[in-house]
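Heads up, the thing below is written out as structure tokens.
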Amino acid sequence: MAFKQLTDKRVAVFFAAGFEEVEAIAVVDLLFRAGIPCDMVSITEDLQVASSRDVTVVCDRSITEVGFDFDAYDMLVLPGGIPGMPNLRACEPLCDALVKHAADGRGVAAICASPSILAELGILKGKRATANPHFQNVVTEHGGVLEADKKAVTDGNVITSQGMATAVWFGLEIVKRYVPAEVVEHAKEGIVLMD
């Protein structure tokens, strides 16, 4: 299937060693299907990044490359995974960019353990959100309004989700931000999504 671009907005999905495979790749796949430009971005200089289950992906870009600009993206997306989430949290340039993006009204999204990063950065204060059940306490401790039973939650420019099994709904929430409803429905049909 050839990529057919439907928007000029770009999305960056960030990869750190120990990321959760499905949470990252499901989003990338759905963005491709919906015609939304997406870069897989490594947080280190190494474009090859191994997941928590030792599946290696090759990223398109690195935040360390000359000319890399977080502001070139409308949305910044964080997969979960351990130790992927702590590795993302330890990346100061990424955390600074998340805070700036959120403050500017641009998109930030996180799944599984990674909504805890948004919470700790103050991005979820007063926002409806969800996270992996083991990290939902971090959402509430930092002023988020927990929606514990939702697969994915969108509140303004922030999207959160619970984990691997909700990754498709997470990806579709991101897709809804950029393309018409009929494109979203076409993507659902293409992946045979059953509610």
Approximate separation, where rounding is to 0.5 Å, of [X] [atom1] and [Y] [atom2]:
| X | Y | atom1 | atom2 | value |
| --- | --- | --- | --- | --- |
| Phe19 | Leu78 | CZ | CG | 13.5 Å |
| Thr130 | Gln162 | OG1 | CD | 3.5 Å |
| Leu94 | Leu121 | CG | CG | 8.5 Å |
| Arg61 | Tyr73 | CZ | OH | 4.0 Å |
| Arg33 | Leu6 | CZ | CG | 14.0 Å |
| Ile123 | Thr160 | CD1 | OG1 | 11.5 Å |

When hydrophobic residues are tied together by side-chain contacts of less than 4.5 Å, even through go-betweens, does [X] share a cluster with [Y]?
| X | Y | answer |
| --- | --- | --- |
| Val179 | Leu193 | yes |
| Val153 | Ile159 | no |
| Val28 | Val183 | yes |
| Val22 | Val58 | no |
| Ile63 | Met75 | no |

Apply salt bridge (charged side-chain N to carboxylate O under 4.0 Å, His left out) to [X] and list each qualifying residue two or more places apart in sequence or on a separate chain.
| X | answer |
| --- | --- |
| Asp104 | Lys100, Arg106 |
| Arg53 | Glu20, Glu21 |
| Lys151 | none |

**Request:** Kindly assign one of parallel, tilted or perpendicular to the pair Phe14 and Phe68, based on the angle between their ring planes and the thresholds 30° and 60°.
**Result:** perpendicular
State, yes or no, whether a side-chain contact exists between [X] and [Y] at a heavy-atom distance under 4.5 Å.
| X | Y | value |
| --- | --- | --- |
| Val158 | Leu124 | yes |
| Val184 | His186 | no |
| Val138 | Glu120 | yes |
| Met85 | Ser116 | yes |
| Ile43 | Phe15 | no |
| Val99 | Cys95 | no |
| Val49 | Thr56 | no |
| Glu185 | Lys188 | yes |

- Asp71 atom CG, over 12 foreign heavy atoms within 6.0 Å: yes
Requested in this report: Step through the shown structure and confirm whether more than 12 heavy atoms of other residues, nucleotides or ligands are within 6.0 Å of CD on Glu92.
Outcome: no
Side chain to side chain donor-acceptor pair (under 3.5 Å) evaluation trace for Ser161 with Thr166: CA-CA 7 Å; Ser161 187; Thr166 63; 2.7 Å; yes
- Residues Val13, Val41; criterion side chain to side chain contact (heavy atoms under 4.5 Å, CB included); working and verdict: CA-CA 6 Å; Val13 179; Val41 182; over 6 Å; no
| request: Any chance you could lay out the side chain to side chain contact (heavy atoms under 4.5 Å, CB included) test for Cys112 and Met164, step after step, and finish with the verdict? | output: CA-CA 7 Å; Cys112 194; Met164 187 196 84; over 6 Å; no
What one should report as the nearest heavy-atom pair of Asn157 and Ala102 is ND2-O, 3.3 Å
Tightest non-hydrogen contact, residues Asn87 and Ala16, listed as CB-CB, 3.7 Å
Q.
Between Asp74 and Arg10, does any NZ, NE, NH1 or NH2 come within less than 4.0 Å of an OD or OE carboxylate oxygen?
A. no
Basic-acidic side-chain contact under 4.0 Å: Arg177, Glu173
no
Dump the intermediate steps for side chain to side chain contact (heavy atoms under 4.5 Å, CB included) on Met40 and Leu47, then the final yes or no. CA-CA 9 Å; Met40 296 166 47; Leu47 293 181; over 6 Å; no
Worksheet entry | Derivation of the side chain to side chain contact (heavy atoms under 4.5 Å, CB included) call for Ile174 and Phe170 | CA-CA 7 Å; Ile174 296 170; Phe170 178 60; 4.0 Å; yes
